[in-house]
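Below is one structure; the comments refer to it alone.
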Number of protein chains: 2
Amino acid sequence: MSDNYCKGNIFSQLPDASQREVFEPLSQSTFTHIERIVTQGQVTPEGEWYNQARAEWVLLLQGRARLRFASGDVVELNVGDHIEIPAHCKHRVDWTDENEVTLWLAMHYD
Amino acid sequence: MSDNYCKGNIFSQLPDASQREVFEPLSQSTFTHIERIVTQGQVTPEGEWYNQARAEWVLLLQGRARLRFASGDVVELNVGDHIEIPAHCKHRVDWTDENEVTLWLAMHYD
């Protein structure tokens with residue numbers, strides 16, 4: 001039995017993301033990576049796509065964002081919205097609010 | 001490439017948990033299970049422990065709860081608190097608020 005539980009608060013001690021997007025690992029296992037992402041206006045560089053080997057489940061906890069898929073679909077994300085993105089489903093972060101922090105919980109998994 | 005992304009809102013259409021705790025799957029893969037749990041006053045039956053084969057990462061999104069570990073530790077959870085519970089780390093839900101809904105996001109993974 002292990003008792004090494006580990007506690008934190010997702011809204012606490014948010015890093016300054018005014019200059020760059022900040023990725024912070026929350027938990028890591030062989031098949032899974034959970035991270036907190038703090039964004040403030042950053043987007044995926046024009047013409048680039050995320051094309052990830054792993055599936056991703058992402059939950060927007062604060063702020064607002066917009067994703068764009070290679071299919072042409074555009075998805076607005078507000079607080080509480082979650083989206084499951086299959087592996088190799090090409091997408092990009094098209095817009096995030098410059099005037100407030102956008103906080104994401106992302107889980108990457110095989 | 002797959003474009004079968006799947007969107008929802010974690011705070012929407014909360015089921016009635018006044019009679020029983022409600023577990024709803026959000027995403028499932030070989031090594032991972034993500035679920036939404038809605039609780040309203042329910043606790044783990046007295047003398048019983050969760051002793052899970054998988055690690056669990058849980059985030060409390062609404063309400064309040066208290067976990068108890070077999071080690072004797074007691075952990076209060078408020079909005080935004082997350083806790084990583086290793087596989088086979090015996091624990092129980094000791095208390096949840098009867099007067100409001102407690103909303104959890106749980107990720108179980110190998």
Side-chain angles (χ1 to χ4, degrees), chain A residues 1-14 25-36 49 51-52 54-62 67-91 103 105-110, chain B residues 1-14 25-36 49 51-52 54-62 67-91 103 105-110:
Chain A
M1 191 187 91
S2 169
D3 266 326
N4 301 313
Y5 61 84
C6 182
K7 186 186 170 192
N9 189 286
I10 199 86
F11 300 109
S12 292
Q13 299 177 300
L14 293 184
L26 295 174
S27 175
Q28 179 104 35
S29 76
T30 307
F31 303 109
T32 307
H33 178 65
I34 303 174
E35 64 184 350
R36 176 170 84 166
W49 299 96
N51 184 1
Q52 302 172 133
R54 284 180 154 178
E56 178 174 6
W57 189 92
V58 64
L59 170 65
L60 196 140
L61 288 165
Q62 190 176 309
L67 301 182
R68 183 177 298 269
F69 289 83
S71 64
D73 290 2
V74 174
V75 176
E76 303 281 344
L77 295 179
N78 292 293
V79 169
D81 285 344
H82 54 83
I83 189 162
E84 181 181 350
I85 304 171
H88 299 296
C89 175
K90 290 168 76 173
H91 64 284
L103 173 63
L105 170 69
M107 184 171 187
H108 307 267
Y109 52 92
D110 291 315
Chain B
M1 189 188 93
S2 168
D3 266 326
N4 301 313
Y5 61 83
C6 182
K7 186 186 171 193
N9 189 287
I10 199 86
F11 299 110
S12 293
Q13 300 178 298
L14 293 184
L26 295 173
S27 175
Q28 179 105 34
S29 78
T30 307
F31 303 110
T32 307
H33 178 65
I34 304 175
E35 63 183 352
R36 177 170 83 166
W49 299 95
N51 184 2
Q52 302 173 135
R54 285 180 154 178
E56 178 174 6
W57 188 92
V58 64
L59 170 64
L60 195 141
L61 287 165
Q62 190 176 309
L67 300 182
R68 183 178 296 271
F69 290 84
S71 65
D73 291 1
V74 174
V75 176
E76 303 280 345
L77 296 178
N78 293 292
V79 170
D81 285 343
H82 53 84
I83 189 162
E84 182 182 348
I85 304 170
H88 299 297
C89 175
K90 289 167 77 172
H91 64 284
L103 173 63
L105 171 69
M107 302 177 173
H108 307 266
Y109 52 94
D110 292 314

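Here is the naming used below: chain letters follow the sequence lines, and residue numbers restart at 1 for every chain. These numbers come from the heavy atoms of this one structure, side chains and all, not from hydrogens, waters or symmetry mates.
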query: What option among Asp110(B), Ile85(B), Leu59(B), Leu77(B) has the most heavy-atom pairs under 4.5 Å with chain A?
result: Asp110(B)
statement: Of the listed Val58(B), Leu26(B), Ile83(B), Leu61(B), the one with the largest count of heavy-atom pairs under 4.5 Å with chain A is Ile83(B)
statement: From the list Ile10(A), Thr30(A), Asp81(A), Leu105(A), the residue making the most non-hydrogen contacts under 4.5 Å with chain B is Asp81(A)
query: With chain B, which of Asn9(A), Leu67(A), Val75(A), Asn51(A) has the greatest number of heavy-atom pairs at distances under 4.5 Å?
result: Asn9(A)
field: Check against side-chain contact (heavy atoms from CB on, under 4.5 Å), His91(B) and Tyr5(A)
entry: CA-CA 10 Å; His91(B) 64 284; Tyr5(A) 61 84; over 6 Å; no
query: With sequence neighbours left out, what residues match Phe31(A) under ring pair (Phe, Tyr, Trp, His ring centres under 6.0 Å)?
result: Phe31(B)
Euclidean distance, Ser12(A) OG relative to His82(B) NE2, rounded to 0.5 Å: 8.0 Å
message: I need the minimum non-hydrogen distance between Glu76(A) and Lys7(B), along with the two atoms involved.
response: O-NZ, 2.8 Å
message: Please enumerate all residues that pass side-chain contact (heavy atoms from CB on, under 4.5 Å) together with Ser29(A), with sequence neighbours excluded.
response: Thr32(A), Tyr109(B)
